[in-house]
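On a predicted model such as this, the values are computed, not experimentally measured, just so you know.
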Amino acid sequence: CGNRLEWFYTDSTDMIPTPLRDNEERQCSWARNWSVEKLEEFCDETREPFFARACAITCKNPSCADHDSTYSIKLYGNVISTSCLQISKFNSTEYMQVMCGAKDYSKHLFTYELCPVACEDYVP
C-alpha cells in the first residue's frame with residue numbers, strides 16, 4: 001500500500017531488521033557469500049519480509065532483472081556519482097565497459113547488477 005515499485009529495485013545500505021533471529025539486524029551485503037539455502041531462507045518474504053524486500057538484488061528478485069535502479073550509484077570511492085539513466089545515455093563502448101564493470105562499494109554491488117537494462121550488453 002503506497003510503496004512505489006522502483007523502491008524495490010536496489011539493495012538497502014541500512015541495517016535490516018531480522019527480529020526473529022539472534023542477530024536482530026543485518027546488511028544486504030553480508031548475504032553475498034551465504035550458502036544458497038541460507039539465502040533462500042532470508043529471501044523468503046513469508047519468513048523475513050524486511051530482508052527480502054530491502055535486499056531485492058541480493059535476493060535475485062525476478063522483477064529486478066527487467067528494471068534499472070533509480071537510485072544514485074557511487075563509483076570509484078564516491079568520486080563519481082551517476083545513475084542507470086545517465087549510463088544508458090552514453091553511446092561509447094569504452095565508457096559502458098568501464099561504468100558497467102565498476103562497483104558501488106556503498107551497496108557492495110556492481111553497476112551491471114544495479115543497472116541490468118542499461119548494462120545488458122556489458123555484463124562480464
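If you take CZ on Phe42 and CD on Glu48, they are separated by 5.5 Å, rounding to the nearest 0.5 Å. Here the OH-SG distance, from Tyr9 to Cys64, works out to 7.0 Å after rounding to the nearest 0.5 Å. Here Asn78 contributes atom CG and Ser106 contributes atom OG; the two are 6.5 Å apart, rounded to the nearest 0.5 Å. Atom SG of residue Cys55 and atom NZ of residue Lys60 lie 12.0 Å apart, to the nearest 0.5 angstrom. Note: Ile16 CD1 to Glu24 CD = 14.5 Å, rounded to the nearest 0.5 Å. Put simply, OG1 on Thr10 and CG on Leu109 are 7.0 Å apart, with the number rounded to the nearest 0.5 Å.
Taking hydrophobic clusters as Ile, Leu, Val, Met, Phe, Trp and Tyr residues chained together by side-chain heavy-atom distances below 4.5 Å, Tyr95 shares a cluster with Ile73. Residues Phe90 and Val79 share a hydrophobic cluster, clusters being chains of Ile/Leu/Val/Met/Phe/Trp/Tyr side chains in contact below 4.5 Å. Under the 4.5 Å side-chain contact rule for hydrophobic residues, Tyr122 and Tyr76 share a cluster. Leu85 and Leu114 are assigned to two separate hydrophobic clusters, defined by single-linkage of ILVMFWY side chains at heavy-atom distances under 4.5 Å.
Contact record, Thr18 with Asn23: OG1-O, 2.8 Å, taken as the closest heavy-atom pair. Considering every non-hydrogen atom in both Ser72 and Ser81, the closest pair reads CB-OG, 4.0 Å. Closest of all the heavy-atom pairs between Trp30 and Trp34 is O-NE1, 3.1 Å. Residues Ser12 and Asp14 approach most closely at OG-N, 3.0 Å, considering heavy atoms. For Val117 against Ala65, the heavy-atom pair with the smallest separation is CG2-O, 4.4 Å. In terms of heavy atoms, Ala56 sits closest to Asp11 at N-OD1, 3.3 Å.
When the SG-SG distance for Cys43 and Cys59 is compared with the 2.5 Å cut-off, it comes out below that value.
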Check the pair Met15, Arg26 against side-chain contact (heavy atoms from CB on, under 4.5 Å), reporting the backbone distance first and the verdict last.
CA-CA 5 Å; Met15 294 297 284; Arg26 291 169 172 27; 5.7 Å; no

Met96 and Ile87: side-chain contact (heavy atoms from CB on, under 4.5 Å), yes or no, with the steps?
CA-CA 7 Å; Met96 295 295 283; Ile87 291 169; 3.8 Å; yes

Test Cys100 against Cys115 for disulfide bond (SG atoms under 2.5 Å apart), laying out the working first.
CA-CA 8 Å; Cys100 291; Cys115 308; over 6 Å; no

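A donor-acceptor pair is defined here as one N or O able to donate and one able to accept, closer than 3.5 Å; no such pair exists between the side chain of Glu40 and the backbone of Glu37. No donor-acceptor pair closer than 3.5 Å links the side chain of His108 to the backbone N or O of Asp104. Between the Thr111 side chain and the Met99 main chain, a donor and an acceptor come within less than 3.5 Å of each other. Remark: the backbone N or O of Thr70 is not paired with any side-chain donor or acceptor of Ser83 at under 3.5 angstrom.
Under a cut-off of 6.0 angstrom, the local environment of CZ in Phe50 is sparse, with at most 12 non-hydrogen atoms contributed by other residues, nucleotides or ligands. Within a 6.0 Å radius of CG in Asp121, more than 12 heavy atoms belonging to other residues, nucleotides or ligands are found.
Below 30°, between 30° and 60°, or above 60°: for Tyr112 and Phe110 the angle between ring planes is below 30°, a parallel geometry.
Ionic pairing of Arg21 and Glu41 is present here: one or more N-O contacts between side-chain nitrogen and carboxylate oxygen are shorter than 4.0 angstrom. Ion pair Glu113/Arg32 flagged as a salt bridge, since at least one NZ, NE, NH1 or NH2 atom sits closer than 4.0 Å to an Asp/Glu carboxylate oxygen.
For Lys107 and Tyr71, the positive end sits near the middle of the six-membered ring, less than 6.0 Å away and at most 45° from its axis.
No side-chain heavy atom of Lys103 sits less than 4.5 Å from a side-chain heavy atom of Leu75. Annotation: side chain of Asp68 is in contact with side chain of Pro116 (closest heavy-atom distance under 4.5 Å).
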